[in-house]
Amino acid sequence: METGTVRFIERDGGLAPGAGAPPPTAELLAGYRAMVLARRLNEQAGALVRQGRLAVYPSSRGQEACQVAAVSVLEARDWLFPTYRDAAAIAARGVDPVEVLTMLRGDRHCGYDPVAHRVAPQATPLATQLPHAVGVGHAARLKGEDTVVMALCGDGATSEGDFHEACNFAAVFAAPVVFLVQNNKYAISVPLARQSVAPSLAAKAVGYGMPGVRVDGNDLAALTVVLGEAVRRAREGGGPTLVEADTYRVEAHTNADDASRYRDDDEVAEWVRRDPLLRLRAHLLAEGALTDALEAECAAAAEELAARVRDGMNRERAADPDEMFAHVYATPTAQLVEQRAGLRAELELEGS
Amino acid sequence: METGTVRFIERDGGLAPGAGAPPPTAELLAGYRAMVLARRLNEQAGALVRQGRLAVYPSSRGQEACQVAAVSVLEARDWLFPTYRDAAAIAARGVDPVEVLTMLRGDRHCGYDPVAHRVAPQATPLATQLPHAVGVGHAARLKGEDTVVMALCGDGATSEGDFHEACNFAAVFAAPVVFLVQNNKYAISVPLARQSVAPSLAAKAVGYGMPGVRVDGNDLAALTVVLGEAVRRAREGGGPTLVEADTYRVEAHTNADDASRYRDDDEVAEWVRRDPLLRLRAHLLAEGALTDALEAECAAAAEELAARVRDGMNRERAADPDEMFAHVYATPTAQLVEQRAGLRAELELEGS
Amino acid sequence: MTGARKRTMAQAINDALRDAMDADGTVVVFGEDVGPLGGVFRVTDGLTRDFGEQRCFDTPLAESGIVGLAVGMAINGLRPVVEMQFDAFAYPAFEQVVSHVAKFANRTRGRVRLPLVIRIPYAGGIGGVEHHCDSSEAYYAHTPGLTVVTPATNADAYGLLRAAIELPDPVVFLEPKKHYFHTEEVDSAVAVPPIGRAVVRRAGRDATLIAYGPSVAVALSAAEQAATEGRDLGVVDLRSIVPFDDETVCAEVRRTGRAVVVAEAPGFASVAAEVVARVTERCFHHLEAPVRRVTGFDVPYPPPKLEKHYLPGVDRVLDAVDELQWDAA
Amino acid sequence: MTGARKRTMAQAINDALRDAMDADGTVVVFGEDVGPLGGVFRVTDGLTRDFGEQRCFDTPLAESGIVGLAVGMAINGLRPVVEMQFDAFAYPAFEQVVSHVAKFANRTRGRVRLPLVIRIPYAGGIGGVEHHCDSSEAYYAHTPGLTVVTPATNADAYGLLRAAIELPDPVVFLEPKKHYFHTEEVDSAVAVPPIGRAVVRRAGRDATLIAYGPSVAVALSAAEQAATEGRDLGVVDLRSIVPFDDETVCAEVRRTGRAVVVAEAPGFASVAAEVVARVTERCFHHLEAPVRRVTGFDVPYPPPKLEKHYLPGVDRVLDAVDELQWDAA
Ligand SMILES: Cc1ncc(C[n+]2csc(CCOP(=O)(O)OP(=O)(O)O)c2C)c(N)n1
Ligand SMILES: Cc1ncc(C[n+]2csc(CCOP(=O)(O)OP(=O)(O)O)c2C)c(N)n1
Ligand SMILES: [Mg+2]
Ligand SMILES: [Mg+2]
């Protein structure tokens, strides 16, 4: 068990002493750009909620380094298993953010094609996606494919039985899965101290016999290295890794939440100072890698993304009642055919 | 985390070097006597199965040291949460073994009064009793009582989500619970290696932030010390402990099982040589504590127990069909009253 | 607290918890976010502040653990009232509910009864994303040993919860979440209705609508609209699914000779199916037409934009009433 | 394997697994003790030996994990067939079954179908201790998205399981464990019956017994005994609970005008209730008497010594038939 927290870049942008070389600057620049987009997506989605275009949005503000790194270490053939909070990661994977957000607008349970993108539907029932991730990985191994699966969950989700069963299955089967716990310190209102009294969440890895690593979740460089290493091990048959990212949920759980009931502004302010974007920006500026032109390009790309999202969210999609019956079974049962016919008749009457 | 395995008495009966003083000889003698009874109960129950008086019996042969120590460290006000395999522990707690076995004879779901003995019904759905144990302990703390709860489960059960949730709840609430995992190396046919690749099951404690101890499960002295210490800590408000007892299921899972399908006789023979009774006997003989008179008394008590069990099991208890309806609700619903009346009418007709 | 006051259903339930905690020191409340936050629906608002962390507390995020903890605490003399955050998030606790909560008294021959309450916000109509709108009552109602209660009014929410907490047996208490923020007059001084009794919300001559929980309001609206069209429909609110009040239900149906069951859950092997079956078994020769049911379709609860098509609404109920073979009358 | 052979139900299921694994390299079998031991009922006997550890393997002891693993493997192109060791030990997997297995195709709009089978030995009559004899079909049948199948004969056990494995949708395959060791003639060359079709096991003029799984044998015995008393009873075996074969069932009931549903599970909000409700809805004016049901009582499955009183037996079925208002006829 790794008991320290892996960090490459300090809060002021300087290199952490003794941490080794960070990833190549080009990679960090790409990561920075992706984080700018992720941040913009979080902001735009929040604005859409305030405007009533989106019902709800669980923001990953403050967690953008995790969102970006989780995806940047994957190959196209790999799979991502995200939660409701990981819209930015899914977008970073290349899924149209408009499609991602249609779930939260209320159009569809899942707005994108999971198979085309190798991104599972966003999981709401906590930790239930983790055994699926293990299944995808184990199936890949049985089929002789070197696919890796990145499985995301929160600190709260580690308390669920499914977390335990998934980690244990993965370890026993040496499945190619990386479990990334975004420890953002809260499960809605419940603080980490009420979730676990273990020395760390990464320490849980010991009980499964897999490597556990705690990493600064606001340090894109450290995340990239740690997750990259875990992915490499998984791909080579070395089995799963549990990675705990030490980060923070800067906004309320969702817009429907009232965080003032359970935490201080001071605490939030302290974490805002540890912002993953600011940190990497300071580093890249100090390195002389981040030019004004690049910054401008990032900003423009972010605005383009925001505009596309606004546009997509403002364009209503007609909801088709037949959809309710179309996919429950490959071939609708006689009962569903009858029920669909009944609804159609009703709607025709109303329409007439 | 304790990585070694605690042992006080070696397989040959000698003291383990550096282990410290074993419990007082009087305690060990009492433990030996209890183990002789436990062994006799296992044997008698097995015989009753062969004679068709008992439907099934999951024997704890080879695990008698665990069965006895788990109970000997408890006060009368403490609670025991046993599984289907822990009949001998329940009997050691003072419950009439005839009452214990009525479940396996098919008379009742639970033959004894859990409240009178502070022994929960034997749990069949694996690991589900562990959260109950935590609840009993947590309630005791809320009520200001210093009750301790001893919760038993097997190695296989540690893979269940409920094991995880219970351990975590206990640690977070610092509940006065001792989790004793009898690692008897098999879950029916599934060997430990397919259950966990952790360095030990005790290592799982790390992930919950509680002490974890691995103890030689065939060494009554070591078990008594380790469990006694865990009980003391729990009673004093120090929270839960996870104890893994390294032991072995000498017989098949139950009489219905065919162990030859999944393990070698050699393996069994090796563990028979580590028999917990023989070991303690050798020790007590070497100490000069176990006299012929005492051995004779143990043997006589064991025969008396066996005779009582045989007698009780040979005396049929009339099954009362009304029982089905009597306890489902404190006051039977109108529906149950109606259903009971229907059955009574049927039986009267048959009888007439 | 006594005297009639304007209360939302969430407040009425909060009142019931407070009054129960005041009246009985063994009542404890716990679950996810029920402490300082007061629950995601604010049902437990202020309980930790007013009763202390010992009486109302947050647990780790694990529903099986929560229900299992409640079982143990009930074994040891307390009266736990636990909250499952949403209907579908009670499923992880299913084994504990079915194999232990429901069976403990029976397997211990009455020696260990579990006086605990599992509160579950359930059903739809709130535009929730998937897994937040399940009507899960059938799973519990089918399980012997559970008492299954669901209020349709804020007064009942108060009274039935008080009764549920006092019951020596475990209760699954299903709260129609679309009512949480509706305000009604609640008089907590009014006697608590006994669990197991249905109530005739509206007398009617022509046909009987049988509903529970969130569907009672739909049935009442349908009856009102039918009245303007000259048809006099009665409405029975089951209140308690288990035990079932055959007497009240059958008395109404025998009187009218026609009945429609209204419920949100998918119809197949549902509580609505049970009502059709038992009413038919008991009232066959009084029936002018087969008892009909208007339920959710046999599909997973749809995304928000489609829920209006899924939910049994007034029109669908009135259509079913129209089909009760009136020509024959 | 072709040609008629004497097979127990356990062997017939083993044959089906083997033939499916032979026919389709993506079929994998896993669960608790299904490997070297061959399952506690020996249903998977020899599969690991003959197909290798990759195709049939033991998992850690965790049912939610097993079903969750199956979901993931199905997402990734395999066809998992998992075994739950006993009915009540499938409950820990309930959330996975209801929130994922049942809903995945729907929530992904058909993009991700889960062609997996969950085999569950179920129901009683074997003298099992508590938690080993639950009839849990209603929980699954009520859940939209699941196909729920249960064989009553060894030939159907073979054929329906082959069909279940081939289906693109998830199937809960309920095996009446009391039949495991009964021997019957099975011809695996005979065409696999399509899932969703009931079968008339015995034609009858006077009344129709509707049953499934372990109750079909009871219904057939009852019909035989009734015949000796001059009453001609038909027996319909549902085979598939979901989808439900209204056509076959209703055709029989319309012909006879009388029906009794026989099922082991507690009756309340059960599959039997559904059958009563839907048959009544569809056949009302053909009925001479209300459709009756003979089911388990609404109590937890009793200890072995009492199960003979719990289980719906021939006498209870015949009593119900007697009550079908023959005087009126
Ligand atoms: C099984 C289950 N129980 C409860 C919930 C309700 N719920 C949604 S998010 C949440 C908190 C999750 O916290 P964490 O895992 O830390 O993730 P975060 O939201 O902080 O990213 C809860 C309790 C749920 N979705 N699923
Ligand atoms: C939830 C659940 N799943 C499956 C079973 C069936 N089963 C009974 S005992 C057993 C093996 C348990 O192994 P372990 O926990 O090591 O205890 P042991 O029998 O070795 O004492 C299994 C799989 C069960 N009782 N409960
Ligand atoms: Mg969190
Ligand atoms: Mg074991």
Side-chain angles (χ1 to χ4, degrees), chain B residues 55-56 84 102-110 121-128 154-163 187-191 194-196 253 256-259 261-263 316-321 323-328 333 335-336 339-340 342-343 345-347 349-350, chain D residues 31-42 45-46 48-49 53 57-66 68 85-86 88-93 95-96 126-132 266-268 294-310 313 315-316 319-320:
Chain B
V56 64
Y84 51 88
T102 49
M103 172 175 91
L104 300 172
R105 189 171 62 180
D107 296 21
R108 293 180 166 173
H109 292 312
C110 173
Q122 289 177 276
T124 304
L126 295 165
T128 57
D155 46 317
T158 65
S159 297
E160 290 279 6
D162 269 12
F163 170 85
I188 308 185
S189 72
V190 181
R194 184 39 65 99
Q195 215 60 250
S196 173
H253 173 69
D257 182 31
D258 173 7
R261 287 185 168 236
Y262 53 83
R263 69 182 187 187
E316 275 297 335
R317 193 202 305 259
D320 175 6
E323 276 256 319
M324 279 197 286
F325 306 95
H327 308 293
V328 185
T333 61
Q335 286 73 37
L336 289 188
Q339 291 171 23
R340 186 181 58 196
L343 177 58
E346 261 181 43
L347 294 173
L349 262 180
E350 276 174 33
Chain D
E32 294 159 7
D33 302 293
V34 298
L37 183 64
V40 293
F41 294 108
R42 302 295 181 272
D45 195 27
T48 298
R49 183 192 61 221
E53 153 80 11
F57 55 91
D58 288 327
T59 66
L61 214 171
E63 293 76 10
S64 186
I66 292 170
Q85 203 159 78
F86 282 86
F89 306 146
Y91 300 151
E95 179 186 34
Q96 284 289 348
I126 58 156
V129 293
E130 56 169 356
H131 310 296
H132 288 75
F268 199 90
V294 178
T295 66
F297 301 118
D298 291 313
V299 305
Y301 198 88
K305 290 252 176 88
L306 289 172
E307 73 180 357
K308 67 171 179 289
H309 298 301
Y310 173 89
D315 287 351
R316 210 170 285 162
D319 284 351

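Excluded from the calculations below are hydrogen atoms, water molecules and symmetry mates; all remaining heavy atoms, backbone and side chain alike, are included. Below, read A as the first sequence line, B as the second, and so on, with proteins coming before strands; counting in each chain starts at 1.
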Apply side chain to side chain contact (heavy atoms under 4.5 Å, CB included) to residues B/R340 and D/V299 and explain how you reach the verdict.
CA-CA 11 Å; B/R340 186 181 58 196; D/V299 305; over 6 Å; no

Intermediate values then yes/no, side chain to side chain contact (heavy atoms under 4.5 Å, CB included), D/K305 and B/E323
CA-CA 11 Å; D/K305 290 252 176 88; B/E323 276 256 319; over 6 Å; no

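In this structure, the portions of B/R105 lying under 4.5 Å from any heavy atom of chain D include both its backbone and its side chain. Interface residue B/I188: backbone and side-chain heavy atoms are both found under 4.5 Å from chain D. Within the 4.5 angstrom heavy-atom criterion, only side-chain atoms of B/E316, from C-beta onward, approach chain D. For B/L349, no part sits under 4.5 Å from any heavy atom of chain D, backbone or side chain. Using a 4.5 Å cut-off between heavy atoms, B/V190 touches chain D through backbone and side chain atoms alike. For D/F297, the parts lying under 4.5 angstrom from a heavy atom of chain B are both the backbone and the side chain. Of the atoms belonging to D/E307, not a single heavy atom falls under 4.5 Å from chain B. D/Y310 touches chain B through backbone and side chain together, each having a heavy atom under 4.5 Å away. The contact between B/R194 and chain D is made by backbone and side chain atoms together, counting heavy-atom distances below 4.5 Å.
With a 4.5 Å cut-off on side-chain heavy atoms, B/D258 and D/R42 count as touching. Contact annotation: the side chain of D/H132 approaches that of B/T124 to within less than 4.5 Å [non-hydrogen atoms, C-beta and beyond]. Between B/Q195 and D/D58 there is no side-chain heavy-atom pair separated by less than 4.5 Å.
If you take CG on B/L126 and CD on D/Q85, they are separated by 8.5 Å, rounding to the nearest 0.5 Å.
The minimum heavy-atom distance between B/M324 and D/L306, with the atom names listed, is CG-CD1, 4.0 Å. Taking all atoms of both residues into account, the shortest heavy-atom contact from D/A62 to B/E160 is CA-OE1, 3.8 Å. Here the shortest heavy-atom pairing between B/Q122 and D/E130 reads O-OE2, 4.1 Å. Closest non-hydrogen pair, D/D33 versus B/S189, comes out as OD1-OG, 2.6 Å.
Looking only at distances, a side-chain donor or acceptor of B/Q339 sits under 3.5 Å from a matching main-chain atom of D/D298. No donor-acceptor pair under 3.5 Å is formed between the side chain of D/H309 and the backbone N or O of B/D320.
With sequence neighbours excluded, the residues that form a ring pair (Phe, Tyr, Trp, His ring centres under 6.0 Å) with D/F41 are D/F86, D/Y180.
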